[in-house]
Amino acid sequence: MRLSRYFLPTLREDPSEAETVSHKLLLRAGMIRKVASGVYNFLPLGLKALKNIENIVRQEMNRAGALEVLLPLVQPAELWLETGRWNAYGKELLRFKDRKEHDFCLGPTHEEVITDLVRRDVKSYRQLPLILYQIAPKFRDEIRPRFGLMRAREFIMKDAYSFDADYEGLDKSYQLMYETYNRIFSACGLKFKAVRAHTGAIGGDVSHEFMVLAETGEDTIAVCPKCGFAENVEIAPAISSEVYEPEPYRPIEKVYTPNVRSAKDVADYLGLPLKKITKTLIYIVEEKEPVAICVRGDHEVNEVKLEKVLGGKPFRMATEEEVLKIVGAHPGFIGPKGLKMKVIVDRSLVNFPNFVIGANKDEYHYVNANLNDTFVPDLVADVRKAVEGDLCPECGELLTFMKGIEVGHIFKLGTKYSEPMKATFLDKDGTEKPFIMGCYGIGVSRVLSATIEQNHDENGIIFPWPIAPFKVGIISFKPDFQEKAEKLYQELSERVDTLIDDRDERPGVKFKDLDLIGVPLQVIYGKSFEETGKVEIKIRRTGERVYLPEEEARTFVLSFGEKQGEESL
RNA sequence: CGGGGCGUAGCUCAGCCUGGGAGAGCGUCGGCUUCGGGAGCCGAGUGUCGGAGGUUCAAAUCCUCUCGCCCCGACCA
């Protein structure tokens, strides 16, 4: 591509609307432009990168035997009524009426549509297993779209659905997709981790998330450096490495603690370590029964675990008013002693000597509380989030924590959709059975964001070779070199996406733009070519420069690409 | 949904407190010079000051309403 004929509106300054690196760089590199909150245009450069990701995904899905389809963005309410999600799905589901006053929605996901498709035309176990996928826009009316493509309302997703005759088949399909996802993200040249995860609203019992590792990730994952254990902290068991030293028994004592509501305030006020101050949180289960949860001041309640402990019943945290009404004291002064409700304590309080609890009276706490002495809990359970210093539940090694961006999620659905939608087939034994389903998503446009979060420096994007919209950029500084640069451009263009900056711009501008848009290799016809006849090749990622005669430069570029391709597989 | 902030040239932003001429830098267009890291000089164009209403002799500026965008939070006490 000739830059003089390309549409590449790069920005020198950070747009004021962007906060995160990937958002800023996507805008500055002229890859995307905002149309509305959480809704974006893809410009030629951005689309090219997106297509590269899509094609990697497509290639690997096809290799796995999945078949590509295209499902509609607009979906009728009828299908969603069948599964009950028309009402169950919140405001994220954008609903509207057509001219005939029929209800429709924009598809945030496609389980209903695909299940409908398959139930109409798949009738026999002989047609199974079947994996269908699409790469298409989705719309979710997010509460708060943010970070550019990271959490957009309209975004590109690859979603796949597997249909099997039995659970053994589902296990196989799931395993196949798990391996395919590993191939996909490797082929993209990303550093990532597959972790066990919470199944969430989509349901099912097993799920894995694929996390691109980046400091700015919104998820935290716990990884064991020894045995390979990896889980989202949303579900990771919390096993403390701490051993509590026994302390002499001290009688419980009520102390005056004015205006200290947070655990940290109480710790500072009493001159005790934060962990000695326990927090008691009041939850309302099924909108009627209050339940108290007790954790150490340096720990946090994990609501995913809590949900399990509470038997999957719906619950929420009590409001300040409710706490006052039920307990008679404000949040911050709540404690388990004398509470007239079910009390669940985190197991980190077992054998924890002489801790502090709220006194259920404003401005007062108890010190020297002890489990089973000061109060007897109804249940001791793991209800906290795992933290630094906790141990691997499988091998006992210290866990490592890292941040990740969720780019893929795979689920076993079972019959969650096939049953209510009466999607059945005739099995070998002549009986009618619901399909056993799985679903597998990749946030394609989010992968682009995540790629940039993981691969950038102060000068701009550093695209991994497979995703780079252009692999090579050619710059020449003297009119005399133009012809030679042009010839190399022609040759390289036959093999890889090549950009030649033929604009009448100053060198600085050309360098800055090539750096900004993340072209992996820059071929420069400048000083070195004039003096020695060798072109200069700059490797964007390392800043390394090599000087080669033109012939060798050509093979260098091509073999560089192949090498990158191999490394990423 | 709660809180905060912003909306002025294509972009980044000043001007608003304390009412009176709509501005700067970058970009764009023309010219000269320059040519290895977002050059210099000369010249040119550039605006419903988000929108509506109000106060006033006079509103980007004060008041009311409204729309849009961004950030933080959505109860970890």
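Note that these values count all heavy atoms, side chains included, but never hydrogens, waters or copies made by symmetry. Note on naming: letters A, B, ... go to the chains in the order of the sequence lines (proteins, then strands), and numbering restarts at 1 for each one.
- Between the NZ atom in A:Lys534 and the OG atom in A:Ser528 there is a gap of 9.5 Å [rounded to 0.5 Å].
- Here the side chain of A:Glu13 is nearest to one of B:G37, B:G25, B:C75, namely B:G25.
- Across all strands shown, the partner of B:U64 is B:A52, judged by Watson-Crick or G-U wobble contacts whose two distances both fall under 3.5 Å.
- Atom P of B:G10 sits at a distance of 24 Å from the matching atom of B:G53, rounded to the whole Å.
- A:Ile221 CD1 to A:Lys403 NZ: the interatomic distance, rounded to the nearest 0.5 Å, is 10.0 Å.
- Under the rule for a ring-ring contact (aromatic ring centres under 6.0 Å, His included), A:Phe375 has no partner lying at least two apart in sequence or in another chain.
- Side-chain contact check for A:Gln522 and A:Asp515: at least one donor-acceptor pair (N or O, by modelled atom type) lies under 3.5 Å.
- One can place NZ of A:Lys527 at 11 Å from P of B:C35, the figure rounded to the nearest angstrom.
- Position along RNA chain B of the nearest nucleotide to A:Lys478 versus A:Gly297 favours A:Lys478 as the more 5'-ward residue.
- B:G25 is paired with B:C11 under the criterion used here, namely a Watson-Crick or G-U wobble arrangement in which both key atom distances are under 3.5 Å.
- In this structure, B:G2 and B:C72 make a Watson-Crick or G-U wobble pair, each of the two defining distances being under 3.5 angstrom.
- Set against B:C76, B:G37, B:C70, the side chain of A:Glu300 has B:C76 as its closest nucleotide.
- Under 4.0 angstrom from either OP1 or OP2 of B:C71 there lies at least one side-chain N or O belonging to A:Arg144.
- On the C1' atoms, B:C67 is 7 Å away from B:G51, given to the nearest whole Å.
- A heavy atom closer than 4.0 Å to some atom of RNA chain B occurs in no member of residues 358-385 of chain A.
- Closest to the side chain of A:Lys512, from the set B:C69, B:G37, B:C72, is B:G37.
- For the OP1/OP2 pair of B:C76 and a distance below 4.0 Å, the side-chain nitrogens and oxygens of A:Ser262 include no atom meeting the criterion.
- Distance CD (A:Glu17) to P (B:U12): 8 Å, rounded to an integer number of Å.
- Residues A:Phe470 and A:Tyr489 place their aromatic rings such that the two centres sit no closer than 6.0 Å.
- One interatomic measurement links the two molecules: CG of A:Leu11 to C1' of B:C26, which rounds to 11 Å at whole-angstrom precision.
- Within the structure, a side-chain polar atom (N or O) of A:Arg506 is placed less than 4.0 Å from OP1 or OP2 of B:A39.
- Regarding contacts with the backbone of B:C13, a side-chain N or O of A:Ser16 is found under 4.0 angstrom from either OP1 or OP2.
- The nearest heavy atom of RNA chain B to A:Gln522 and to A:Ile334 marks one nucleotide each, and the one closer to the 5' end goes with A:Gln522.
- Salt bridge annotation for A:Asp141-A:Arg153: present, with a cationic side-chain nitrogen under 4.0 angstrom from a carboxylate oxygen.
- Checked against the 6.0 Å centroid threshold, A:Tyr525 and A:Phe477 do not count as a close aromatic pair.
- Distance A:Ile143 CD1 to B:G3 P: 16 Å, rounded to the nearest Å.
- For the pair A:Glu92 and A:Arg140, the salt-bridge criterion is not met [side-chain N within less than 4.0 Å of a carboxylate O].
- When distances are taken from the side chain of A:Glu505 to each of B:U28, B:C35, B:C75, the shortest belongs to B:U28.
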